[in-house]
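All ligand and atom numbering here is 1-based and tracks the order in the structure. In what follows, every heavy atom counts, from backbone to side chain, and hydrogens, waters and symmetry copies are set aside.
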Amino acid sequence: MRREELAANLLAVQSALAEAIAKSGRSQDSVRLMAVSKTHPYEAMLALCEEGQLLFGENRVQEGEGKLPPKGERPLSVNLIGHLQGNKAKKAIALFDRIDSVDSLRLARRLNDLVSVPYPILLELNTSGEAAKHGFESEDALFFALDEIATMENLRVEGLLTLGPLGGDERAIRTSFAALRRSFERARERFDLPSFFELSMGMSGDWPLAIAEGSTCVRIGTLLFGAREAP
Ligand SMILES: *Cc1c(COP(=O)(O)O)cnc(C)c1O
């Protein structure tokens, strides 16, 4: 996609987002836009970066390794938002600024063992009950894991992530986002999590509902970069 087109898409998303945030009575700085750049080249990310977009999301370690300069040698932040296999944990830590898709106690233990300075993560909760999705399968499973994760010295749990039901109707999507928000609030009461602020929810097809339900980070791919080719 051409630069001008990317810039125009960014402007359109930014202004729709600003309007939705205002409508929900929230402050503009309470929601960040993450540009989901999977399948798109680093040049396209840089083009958006030059327009002021600094936060990106990738869903595969291997793809990220192939296209991203190392952390510290790029002008933009990139978080991992896709499922991470334990055997790629070390590479993921080296490459990504935050891992937003930690979905098991085992993976958290592994990450905690691999880092020494507190490393930021989000925990992914499956709020739609869809078996194909990753993420902790229930709030109970999440809280059971948090009992231990909240005490890990080398991990900083910054919040939660979920995916709305695919092709769900508006009510099902809202229910799923509202469930994440409630789990977020209960987790904050129950655990000692000093930097717990992020509710990552909302994608190209459902982001307005996520804003209405309290999202602090919407993950937008298609609306910025256009449709992805089938994998
Ligand atoms: C691909 C992806 C997105 C962005 O999806 P779009 O519908 O293209 O906006 C958001 N979150 C996750 C976890 C993804 O894998």
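A heavy-atom cutoff of 4.0 Å around ligand 1 is satisfied by the protein residues Val36, Lys38, Asn59, Ile81, Met203, Ser204, Arg219, Ile220, Gly221, Thr222, Arg228.
Using modelled atom types and a 3.5 Å distance limit, the side chains of Ser176 and Ser128 yield no donor-acceptor pair. At a cut-off of 3.5 Å, with distance as the only test, no side-chain donor of Asn79 or Asp97 sits close to an acceptor on the other residue.
Taking the six-membered ring for Trp and the full ring otherwise, the centers of Phe144 and Phe136 sit at least 6.0 Å from each other.
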Report, one line per pair, each donor and acceptor closer than 3.5 Å where one atom sits in a side chain of residues 110-121; sequence neighbours left out.
unit_1: Arg110; atom_1: NE; unit_2: Gly86; atom_2: O; d: 3.0
unit_1: Asn112; atom_1: OD1; unit_2: Asn154; atom_2: N; d: 2.9
unit_1: Tyr119; atom_1: OH; unit_2: Phe96; atom_2: O; d: 2.7

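The list of side chain to side chain donor-acceptor pair (under 3.5 Å) pairs with a residue in residues 35-49, not counting sequence neighbours, reads Ser37-Glu58. Applying the side chain to side chain donor-acceptor pair (under 3.5 Å) test to pairs two or more places apart or on separate chains, those with a residue in residues 192-210 are Arg32-Glu198, Arg98-Glu198, Glu198-Thr216, Ser200-Arg219.
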